[in-house]
Amino acid sequence: MFLQCRTPNSRFWIAFSLVAGLACDFGPALAAESHPGLGAEVLFAEAVLAHHRKQTQEVLGKLNELLVETPNHIEALELKALTLKSTGGDKDAVSTYRKLLELKPPAERGPYHYELGMIYQKHKKTDAAKGQFEASIKRGFNPIPSHFFAGNIDFSAGKFSSAERHFDSVTQLTSGEMGLASHFYLGLVYLKTGAGTAGIQQVVKASELSKSFEGSQVANDISGASSKILDTFTKGQWFGNFSLMSQYDSNISLIPTGSVDTSQTSGKATAKGTLIAGGGYMSPALSALQYVAGYRLTTNKNLNAETRNYEYFTSVPSLYLNIKPLSRWSGGLKLEGVHLFQNQLQDSANPDSAYVYRQYSLSGEVSPYFKFRLNPTLFVQMDVGYRVANNYSDDEGDGNATLARLSFTRE
């Protein structure tokens with residue numbers, strides 16, 4: 001996408017330094033006669049000289065002449081493939097690299113796999129290119145660009161699991177421009193696969209790293225794209241929800257879930273409607289300290305007249321203080337109250353009297369918490385808190401309690 005990797009043109013001056021002196025003293029013809037096979041080395045040295053003068057046609061001419069005599073000359077084949085690749089002769093370059101793959105032992109094939117990958121990628125033969133890049137990785141050659149280009153191919157193909165593996169490898173191997181770009185792509189992978197927190201973490205990392213690459217177009221592009229993604233998380237937001245459900249309950253609870261005691265059931269059936277609503281405000285998620293103030297309510301209406309005293313109204317105000325909520329490690333404090341009202345007879349001694357809502361229970365909880373992201377989508381959270389409860393209808397429900405919870409959640 002942004003970057004190009006070049007492999008050094010090595011090993012070509014070695015033969016030249018040795019053979020050029022011989023050629024100067026004896027001449028090509030005499031050297032070839034005095035030392036069988038030396039003519040090939042002289043041709044190779046001349047091809048190297050032409051290569052440095054950028055005389056590509058002369059390079060190819062000398063190499064083709066050499067390869068007629070010595071078809072498996074490794075250095076000549078390498079220089080020929082490089083020259084063909086640089087002059088647009090990709091088809092012949094592929095053939096030459098494939099011949100080199102046959103001649104070299106597996107452990108030394110990495111550079112040829114990499115060069116084939118670059119050629120295939122240039123011609124949009126992405127499956128073939130990815131196979132060559134992965135072979136290059138396996139041989140330990142150019143792992144950083146090989147992982148990066150393989151990751152780009154997988155990302156474009158929607159193979160996000162494999163793309164994640166490649167981009168993560170790059171971030172472990174380098175903090176350079178490819179590492180910077182890989183953090184950004186890794187963030188996009190997580191955002192596309194539902195791992196929002198991990199995705200934002202990677203985009204933030206890319207945004208921070210981009211500041212250390214002055215004058216880099218890659219860094220400028222990534223900085224701009226990151227800012228657009230993170231813009232929402234630098235602002236406070238109002239939120240809200242509303243739902244209305246109807247259902248049939250064959251054994252309605254005497255008291256609702258979330259109150260002081262949930263062990264009782266009525267033994268009575270009714271169709272009912274339930275209203276759930278809530279709303280609040282959250283400060284910017286990228287702040288070092290975020291607060292989330294919210295309120296939610298729940299109430300139900302029963303159609304069976306005999307179950308009217310099983311109608312409740314629950315009011316829950318809350319405040320969460322979150323320390324670095326989008327970091328891998330985070331923590332904070334939860335403050336929550338639950339105020340519960342029950343629909344009761346105004347005169348308990350008169351079954352025909354009107355119904356009114358009266359306080360049923362009131363409780364409050366203070367809980368520090370610690371949260372850790374185990375992998376891009378799985379979190380573990382530890383809460384240790386204290387709760388105070390007052391049950392207006394049953395004194396036995398009053399009391400204080402220390403709470404400890406360990407929970408696992410998937411994003």
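Everything quoted here is computed from the prediction, not taken from an experiment.
Between M282 and F239, some side-chain heavy-atom pair lies under the 4.5 Å cut-off. Contact annotation: the side chain of N309 approaches that of Y355 to within less than 4.5 Å [non-hydrogen atoms, C-beta and beyond].
Here the options are R139, Q132, K99, E78, the test is side chain to side chain donor-acceptor pair (under 3.5 Å), and the partner is Y112; only E78 passes. Checked options F149, Y190, Y185; the residue passing with F167 is Y185 (criterion: ring-ring contact (aromatic ring centres under 6.0 Å, His included)).
Using a 4.0 Å cut-off between a side-chain N of Lys or Arg and a carboxylate O of Asp or Glu, D90 and K122 qualify as a salt bridge. Salt-bridge check for K130 with D154: passed, with a basic side-chain N closer than 4.0 Å to an acidic carboxylate O. Using a 4.0 Å cut-off between charged nitrogen and carboxylate oxygen, E46 and R53 do not count as a salt-bridge pair. A salt bridge is absent between K371 and E411; no separation between the charged side-chain nitrogens and carboxylate oxygens falls under 4.0 Å. Under the 4.0 Å criterion applied to side-chain N and carboxylate O atoms, R296 and E336 are assigned as salt-bridge partners.
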| message | For a side-chain hydrogen bond (donor to acceptor under 3.5 Å, both in side chains) check, start with the C-alpha distance between N64 and K80, then their side-chain angles and the critical distance, and finish with the verdict. | response | CA-CA 8 Å; N64 288 334; K80 179 180 179 180; 3.2 Å; yes
| task | Start with the C-alpha gap between T126 and Q121, add the side-chain angles, then the distance that decides, and say whether side-chain hydrogen bond (donor to acceptor under 3.5 Å, both in side chains) holds. | result | CA-CA 6 Å; T126 54; Q121 181 172 246; over 6 Å; no
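F44 and H73 have their aromatic ring centers within a separation under 6.0 angstrom.
With sequence neighbours excluded, no residue forms a salt bridge (Lys or Arg N to Asp or Glu O under 4.0 Å) with R98.
Counted within 6.0 Å of OH on Y357, heavy atoms from surrounding residues, nucleotides or ligands total more than 12; the atom is thus considered enclosed. The number of heavy-atom neighbours closer than 6.0 Å to CD of Q247, taken from other residues, nucleotides and ligands shown, is above 12. The environment of E306 atom CD is sparse: at most 12 non-hydrogen atoms of other residues, nucleotides or ligands sit within 6.0 angstrom.
The backbone N or O of Y360 lies less than 3.5 Å from no partner atom in the side chain of Q342, so there is not a single donor-acceptor pair. Judged by distance alone, with hydrogens and angles left aside, the side-chain atoms of N300 form a donor-acceptor pair with the main-chain N or O of Y310 at under 3.5 Å. At distances below 3.5 Å, not a single donor-acceptor pair connects side-chain atoms of S216 with backbone N or O atoms of F213.
Atom OG of S315 sits about 10.0 Å away from atom CG of L340, to the nearest 0.5 Å.
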